[in-house]
Amino acid sequence: MGLFRKLAVTVVALGAAAAAVGWFLSAPKQLDADQLAALGTGDATRGERIFWAGGCSSCHARPKSQGDAMLQLAGGLELKTPFGVFVPPNISSDPASGIGNWSLEHFANAMLNGVSPAGEHYYPAFPYSSYARMKPADVADLFAFMKTLPAVEGNAAGHQLGFPFNIRRGLGLWKLLHLSDEPVIALAADAPESVALGRYLVEGPGHCGECHTPRDFAGGAKKDQWLAGAPAAEGTGVIPNITSGEGGIGAWSEAEIASFLSDGFNPEFDSAGGAMADVIKSTARLTPEDRTAIAAYLKLIPPHPNGYPAAPAPPPS
């Protein structure tokens, strides 16, 4: 066998081995028995709080929905990204168009692992990289509440993605880099309970970092610039810097942040606009204690004065 042929065979063999390793590493992972047992049975009353903390209506209700229409989770909002257009699906209780036929196990695997009932990876436009930090019991409670919501017929439009982003299997490698249940911000051992609660709500169900944190070339959150602002997912405008220093919301008091999350008015009496206006519809339904906890956590975020450019007096999320 000539040298060139030997080299060719070696390259092919190495390529096949690398492909096999990549295929193995990228396999969707399901929750194990202990993780499933930790879910419990779920409580719809508690789940309503998690629903509003997660702002599920912001992406899954029809745009500009008000009142009871916020509970009609038909999907359809377009999220424009450098990778293509992602469209949140129908997650109503309709058995054909939504998740009415899902089990709690299906739901938990989607929320915590980003895996569909069919065993495929979900795209991280569905913010499971934040939901992975949620308590299993809260996931079960949320599912119990969502089962009480109206069934809405009709499938949302599909994603608009080109090659190679339309190949879901590769997301398994993305998850190895970016999916973790570890908190982003470390807290002191003696940190007040309110700060710990705020961290949980912001980093977990509230998934604030998904919009307010810039991303790398692969779409992973740049955690060293946590909450420093980013381009808006709707394709125009920016999501502001909400860190604690100059360029962020350092001049806001905890009371002003909590008030903004309740009524949408910032300290200059300007009202929230764009996607944040929809977020406020959800945070306004949280308890005062939850909003105060979010504010306490945000005031501890390390400043990023060179974060993404933002308008004066940026509103938090």
Side-chain angles (χ1 to χ4, degrees), residues 27-61 71 73 75 77 79 86-95 97-149 156 159 168 171-172 174-176 178-184 197 199-211 219-221 233 279 282 286 290:
K29 295 177 174 59
Q30 306 282 342
L31 297 173
D32 61 31
D34 289 341
Q35 291 171 313
L36 292 173
L39 294 168
T41 56
D43 179 90
T45 300
R46 294 194 303 263
E48 182 175 7
R49 168 179 175 254
I50 302 302
F51 179 86
W52 297 119
C56 306
S57 295
S58 299
C59 284
H60 291 281
L71 302 178
L73 306 179
L77 177 70
L79 303 175
F86 295 95
V87 181
N90 183 329
I91 58 167
S92 76
S93 58
D94 185 78
S97 304
I99 62 173
N101 281 334
W102 285 26
S103 66
L104 175 56
E105 181 176 348
H106 291 152
F107 186 76
N109 270 302
M111 292 286 291
L112 300 176
N113 280 355
V115 176
S116 76
E120 294 184 325
H121 293 297
Y122 281 122
Y123 289 99
F126 169 36
Y128 53 78
S129 56
S130 289
Y131 297 155
R133 302 184 187 97
M134 289 179 61
K135 300 172 184 176
D138 283 348
V139 173
D141 291 343
L142 175 60
F143 185 59
F145 176 71
M146 291 183 67
K147 288 193 294 184
T148 71
L149 300 183
H159 303 317
R168 291 178 181 264
L171 291 167
W174 185 93
K175 289 179 179 179
L176 292 177
H178 299 294
L179 184 60
S180 171
D181 61 0
E182 292 296 318
V184 178
L197 172 59
R199 179 178 69 174
Y200 175 70
L201 292 172
V202 169
E203 296 188 10
H207 63 279
C208 304
E210 302 290 338
C211 288
V279 173
S282 293
L286 296 176
D290 282 345

What distance separates His60 NE2 from Asn90 CG, expressed to the nearest 0.5 Å?
9.5 Å
His207 vs Tyr131 aromatic rings, parallel, tilted or perpendicular, using cut-offs 30° and 60°?
perpendicular
Using 0.5 Å steps for rounding, measure from the CG atom of Leu77 to the OG atom of Ser57.
12.0 Å
Nearest-0.5 Å distance, CE of residue Met134 to CG of residue Leu201
9.5 Å
Considering all heavy atoms, the nearest Leu79-Pro88 contact
CD1-CG, 4.2 Å
Check Lys29 against Val115 and note the closest heavy-atom contact, atom names and distance.
O-CG2, 3.6 Å
Are any non-hydrogen side-chain atoms of Pro183 and Arg199 less than 4.5 angstrom apart?
yes
Restricting to non-hydrogen atoms, name the atom on Thr41 and the atom on Ala140 that form the minimum distance, rounded to 0.1 Å.
C-CB, 4.4 Å
Ignoring hydrogens, what is the shortest heavy-atom contact between Leu149 and Leu73? Give both atom names and the distance.
CD1-CD1, 3.9 Å
With no hydrogens and no angle check, is any side-chain donor or acceptor of Arg168 less than 3.5 Å from a backbone partner on His121?
yes
Using every non-hydrogen atom in the two residues, find where Tyr200 and Arg133 come nearest and quote the distance to one decimal.
CE1-O, 3.5 Å
For side-chain contact (heavy atoms from CB on, under 4.5 Å), just list the numbers for Met146 and Phe107, CA-CA rounded to whole Å, side-chain angles, deciding distance to a tenth of an Å, and then say yes or no.
CA-CA 11 Å; Met146 291 183 67; Phe107 186 76; 3.8 Å; yes
Apply side-chain contact (heavy atoms from CB on, under 4.5 Å) to the pair Leu39 and Phe143, showing each step before the final yes or no.
CA-CA 10 Å; Leu39 294 168; Phe143 185 59; over 6 Å; no
Close side-chain approach of Leu179 and Tyr128, heavy atoms under 4.5 Å:
yes
dist Leu31:CG -> Asn109:CG (nearest 0.5 Å) comes out at 4.0 Å
Steps toward side-chain contact (heavy atoms from CB on, under 4.5 Å) verdict (Phe126, Cys59):
CA-CA 10 Å; Phe126 169 36; Cys59 284; over 6 Å; no
Do Asp43 side-chain atoms and Asp141 backbone N/O form a donor-acceptor pair below 3.5 Å?
no
Could you go through Leu112 and Gln35, starting from their C-alpha distance and side-chain angles, then the distance that decides it, and tell me whether this counts as side-chain contact (heavy atoms from CB on, under 4.5 Å)?
CA-CA 10 Å; Leu112 300 176; Gln35 291 171 313; over 6 Å; no
List the atom of Gly75, the atom of Ala156, and the distance in Å for their closest heavy-atom pair.
C-CB, 4.1 Å
Is it true that Ser92 and Asp94 share a donor-acceptor pair across their side chains at a distance under 3.5 Å?
no
Could you grab the distance from atom CZ of Phe86 to atom OH of Tyr122, nearest 0.5 Å is fine?
14.0 Å
Would you check if the side chain of Glu203 reaches a backbone N or O of Val184 as a donor-acceptor pair within less than 3.5 Å?
yes
When rounded to the nearest 0.5 Å, the distance separating CE of Met111 from CG of Asp138 is 9.5 Å
Plane angle bin for Trp102 and His106 - parallel if under 30°, tilted between 30 and 60°, otherwise perpendicular:
perpendicular
